[in-house]
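Contents: one structure, followed by commentary.
What you see is a predicted model; the values in this text were computed from it and never measured. In what follows, chains carry the letters A, B, and so on, assigned in the order in which the sequence lines appear, proteins first and then strands, with residues in each chain numbered from 1.
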Amino acid sequence: DAGVIQSPRHEVTEMGQEVTLRCKPISGHNSLFWYRQTMMRGLELLIYFNNNVPIDDSGMPEDRFSAKMPNASFSTLKIQPSEPRDSAVYFCASSLNPNQPQHFGDGTRLSIL
Amino acid sequence: DQQVKQNSPSLSVQEGRISILNCDYTNSMFDYFLWYKKYPAEGPTFLISISSIKDKNEDGRFTVFLNKSAKHLSLHIVPSQPGDSAVYFCAVHGSGNTGKLIFGQGTTLQVKP
C-alpha cells in the first residue's frame with residue numbers, strides 16, 4: 001500500500017526564493033492536511049482540505065503561504081517569498097474523512113538560508 | 001496557550017516493564033483522542049485512539065485510558081520493547097467536529113534492553 005508521498009524530502013534554498021512542497025495523498029482519502037513542525041511550536045496544522053476544498057486555513061501563518069488541491073491526488077504548499085523563519089519540517093497527511101485517523105507522509109525538511 | 005500538554009519531555013524504561021505516557025488537555029468539549037508514534041526522519045504513525053464515550057481502549061500491548069473529569073489521558077505500553085523507542089504525541093480533535101488535530105509537544109520514550 002502506498003502511503004502519503006511528499007516531495008522533495010529535503011529543500012535548501014536562499015531567502016526570497018519561492019518554495020513549492022508537494023503531496024500525494026493515499027488513494028481514496030477525501031481529507032488532506034498540511035502541518036508544520038518546529039522546535040518552538042511543535043506540530044501545528046496549517047490548512048486542511050475536504051474533497052479538494054479548503055475548509056480551515058486559520059493556521060496559515062501569513063499571505064506568503066498558499067496551498068492548493070487541484071484534484072484528489074495532488075496538493076501543493078507554496079511559500080513566496082521564503083524567509084529563514086520558515087525553516088521547519090512540513091508534513092502532509094490524509095484521511096478517509098476529517099474524523100478518521102490521519103496518515104502522515106515522511107515530511108519535507110525545509111531550510112531557508 | 002497550550003490546549004494539549006505532555007509534561008514529560010522524556011521517559012526511560014527497562015525492556016519488559018510498563019511505559020506510561022501522560023497527556024492533559026484543557027477543553028472539555030474535545031471528544032476524540034489519539035496517540036501517534038514518530039521515529040526520526042519519518043512522519044507520525046497513528047497508534048491508537050479513544051472516543052469520549054469510553055474510558056479505555058486496548059490494542060495488543062497498547063492501552064489508552066481517558067479520565068474526562070480530570071481531562072487526562074494516558075498510554076500504557078506493556079511489555080515495553082526496544083523498538084518502542086520513539087517520540088509519542090498525544091492529539092485531540094478540535095471542538096466543532098472539525099478535522100483539526102491539536103498535538104501535544106511529544107514525549108521521547110527510550111526502552112533500554
Side-chain angles (χ1 to χ4, degrees), chain A residues 1-10 21 23-26 29-60 69 88-109, chain B residues 1-10 21 23-26 29-54 57 59 62 64 73 75 86-108:
Chain A
D1 283 349
V4 175
I5 299 172
Q6 292 186 244
S7 64
R9 288 298 311 273
H10 303 273
L21 311 181
C23 175
K24 178 178 169 53
I26 293 172
H29 281 193
N30 295 317
S31 300
L32 182 139
F33 307 81
W34 283 101
Y35 289 87
R36 179 171 67 175
Q37 185 182 29
T38 60
M39 288 295 291
M40 289 297 294
R41 299 177 66 88
L43 258 171
E44 53 181 350
L45 179 70
L46 300 177
I47 185 171
Y48 90 89
F49 296 83
N50 196 43
N51 294 320
N52 311 339
V53 176
I55 303 299
D56 183 349
D57 65 354
S58 59
M60 294 287 263
M69 191 164 186
V89 181
Y90 291 80
F91 289 103
C92 176
S94 71
S95 62
L96 282 170
N97 63 56
N99 297 316
Q100 291 293 310
Q102 297 171 21
H103 300 262
F104 284 74
D106 285 338
T108 295
R109 181 172 294 276
Chain B
D1 180 27
Q2 278 187 283
Q3 299 185 67
V4 181
K5 295 181 185 178
Q6 294 177 254
N7 290 319
S8 298
S10 62
L21 298 107
C23 177
D24 296 297
Y25 59 95
T26 58
M29 296 298 291
F30 292 151
D31 59 5
Y32 188 54
F33 307 86
L34 308 92
W35 284 95
Y36 281 80
K37 178 169 77 172
K38 185 182 182 303
Y39 293 120
E42 294 183 11
T45 302
F46 169 69
L47 200 53
I48 192 169
S49 64
I50 188 167
S51 161
S52 60
I53 63 173
K54 293 186 172 183
N57 188 26
D59 183 2
F62 302 91
V64 55
L73 68 156
L75 175 68
V87 179
Y88 288 79
F89 291 96
C90 159
V92 304
H93 261 262
S95 56
N97 199 31
T98 71
K100 181 173 183 175
L101 276 183
I102 304 169
F103 283 85
Q105 291 290 90
T107 297
T108 300

Under a 4.5 Å heavy-atom cut-off, does chain B meet the side chain of A/S58, its backbone, both or neither?
-> side chain
Top residue by heavy-atom pair count (under 4.5 Å) with chain B, among A/A93, A/P101, A/G107?
-> A/P101
With sequence neighbours left out, write down each residue that passes side-chain contact (heavy atoms from CB on, under 4.5 Å) with B/D59, or none if nothing qualifies.
-> B/I48
Donor-acceptor pair between A/Q102 and A/Y48 side chains, under 3.5 angstrom = no
Check the surroundings of atom CZ in A/R41: do more than 12 heavy atoms from other residues, nucleotides or ligands lie under 6.0 Å from it?
-> no
By residue number, those in residues 33-40 of chain B with heavy atoms under 4.5 Å from heavy atoms of chain A are B/L34, B/Y36, B/K38
Who are the side-chain contact (heavy atoms from CB on, under 4.5 Å) partners of A/N30, not counting sequence neighbours?
-> A/N50, A/N51
Give a yes or no answer on whether the side chain of B/S8 reaches the backbone of B/S10 with a donor-acceptor pair at less than 3.5 Å.
-> no
Output all residues satisfying ring-ring contact (aromatic ring centres under 6.0 Å, His included) with A/Y90, sequence neighbours left out; order by chain, then residue number.
-> none
What part of B/Q105 gets closer than 4.5 Å to chain A, counting heavy atoms only: side chain, backbone, both or neither?
-> side chain
Minimum side-chain heavy-atom gap A/F91-A/F33 below 4.5 Å | no
